Amino acid sequence: MPTTSPLRRRPRARRAAATILLVGSLLGPIATLAPTSAAAADQPSAPLALSVRLEARAAYLRWETQDELVGLTGLRLEVDREPARDLDPATHEVRLAGLRAGAHEVRLTALSPVSAPVTATLRFVTAAVRPGLPRDVAVLTDAAGVHLTWLPPLDDGDADLLGYQIGLQGSVLRMVDGAATSATLTDLPPGPLRLSVAAVNPAGVGGRINVDAVAPAPPVAEPVLPGTPRLDAVVPGAGGGALTVRARWTVPGGVVEQGQVRWQRVGRAGVVTTDVVGIARTVETPVAEGLWVAQVRSRNAAGWGPWSARSAAVRAR
C-alpha cells in the first residue's frame, strides 16, 4: 500500500479540472479533452487521465495518475447507474464486460485522506454485434400450412432483437416481431422446401438455422350443388305458329353447366322438359294446347340443384 503523503500545492491561481469526453466505436477510441469550470483553489489539475479501448463485446478502461495527485489511498469506479466498486489504487486498467450497445458514462474517483475526492468522467458508445443462432428450431406441417417454432438465441449481440428473418429457399420470405417464437406459413408452393430462421438486431442478421419441410398441396374444394334458380317470368309464346310457352329465370351463383325447364300441363296429363346449355336464362318451348306451369333447375359438377317453385299457370299460344 502506498504511503500517505499530503497533496503537493501549486501557486494559488485557480486551475481548471478536466473532464474527458470520448465517443468510441469498434474501429477504436477517439478522445477529446474538454476543460470544465474553474475548480477550487489548490485543486490538482487533471489528476486522472482516462482513456478507453473498445473491442468486440468489451471496453478496456485505462487511467494514469498525474504528479499532482499524491497520497492516493483508493479508487472508486462507477459505470452508468451500476453500484460503485472500489479498485486497488495500484490498478491502471480494468475490463468492462457485459455492456449493452449504446452510450455509457464512467466515473473514476481518486480518494485521499488529505484532499477532497477527485473525479474524472469518460463517455463513450459501444456498438452491438450480430446475434447468435436461434435455438430449438422445429417445423410442423398440417392442412393449415407450415408451422415454424424456435427459442431466442442465447446471445443477443448486446442489443434488443429487432425481429426474426424467415427464409425460403435462400431468399427472405418475411420478418416477424422480435418477441415472436413461432410463425405459420401459408400459400407455399407444394412439395419439399428449405426454410430458415435468423435473429436480427441493430448490427445485422445473425446466423441462420435451416430446416426442411414439405408444404401440403392446397385442399381440393368439394363441389357444391348449385342453388335454386328464380323464375322471373312465364308467358305465352310469340304466336303465329306452333303453340309455345316462354320462361325467363335467374341462375344461382357459382359455376353452372346446364339448365333444365320442366313444363306441366294443368288438369291433364303431360310433362315437357327442355334442356338448356350453360347459363342460358330464357327458353321457348313447343307444347300442346292448354294451361301450363313451369319449374327450372341448374346443374354443375356436383349434380342437379333443386327445382324452383312452380310458376303461375300460363296458356300456350
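Computed from a prediction, not measured in an experiment: that's the story for all the values here.
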Are [Y] and [X] linked, directly or through intermediate hydrophobic residues, by side-chain heavy-atom contacts shorter than 4.5 Å (ILVMFWY only)?
X	Y	answer
L99	Y60	no
V146	V211	yes
I166	L193	yes
V293	V276	no
W304	V256	no

E284: partners by side chain to side chain donor-acceptor pair (under 3.5 Å), with sequence neighbours left out
T244, R246
Does anything in residues 158-182 form a ring pair (Phe, Tyr, Trp, His ring centres under 6.0 Å)? List the pairs, not counting sequence neighbours.
W150-Y164
Working to the nearest 0.5 angstrom, can you tell me the gap between E93 CD and L61 CG?
8.0 Å
CG of L195 to CG of L188, rounded to nearest 0.5 Å, is 7.0 Å
V235: which other cluster members, linking ILVMFWY side chains closer than 4.5 Å, directly or transitively?
none
Residues two or more places apart in sequence or in another chain: which of them pass side chain to side chain contact (heavy atoms under 4.5 Å, CB included) with A302?
P223, L225, N300
Residues which pass side chain to side chain contact (heavy atoms under 4.5 Å, CB included) with T250, listed by chain and number, not counting sequence neighbours
R230, D232
Is any side-chain N of the basic residue among E64 and R62 closer than 4.0 Å to the acidic one's carboxylate O?
yes
For R262, does the CZ atom sit with more than 12 other heavy atoms under 6.0 Å from it, leaving out its own atoms?
yes
Salt bridge (charged side-chain N to carboxylate O under 4.0 Å, His left out) contacts in which one or both residues fall within residues 133-155, not counting sequence neighbours:
R57-D155
Just by modelled atom types, is the R100 backbone N or O under 3.5 Å from a matching donor or acceptor in the T126 side chain?
yes
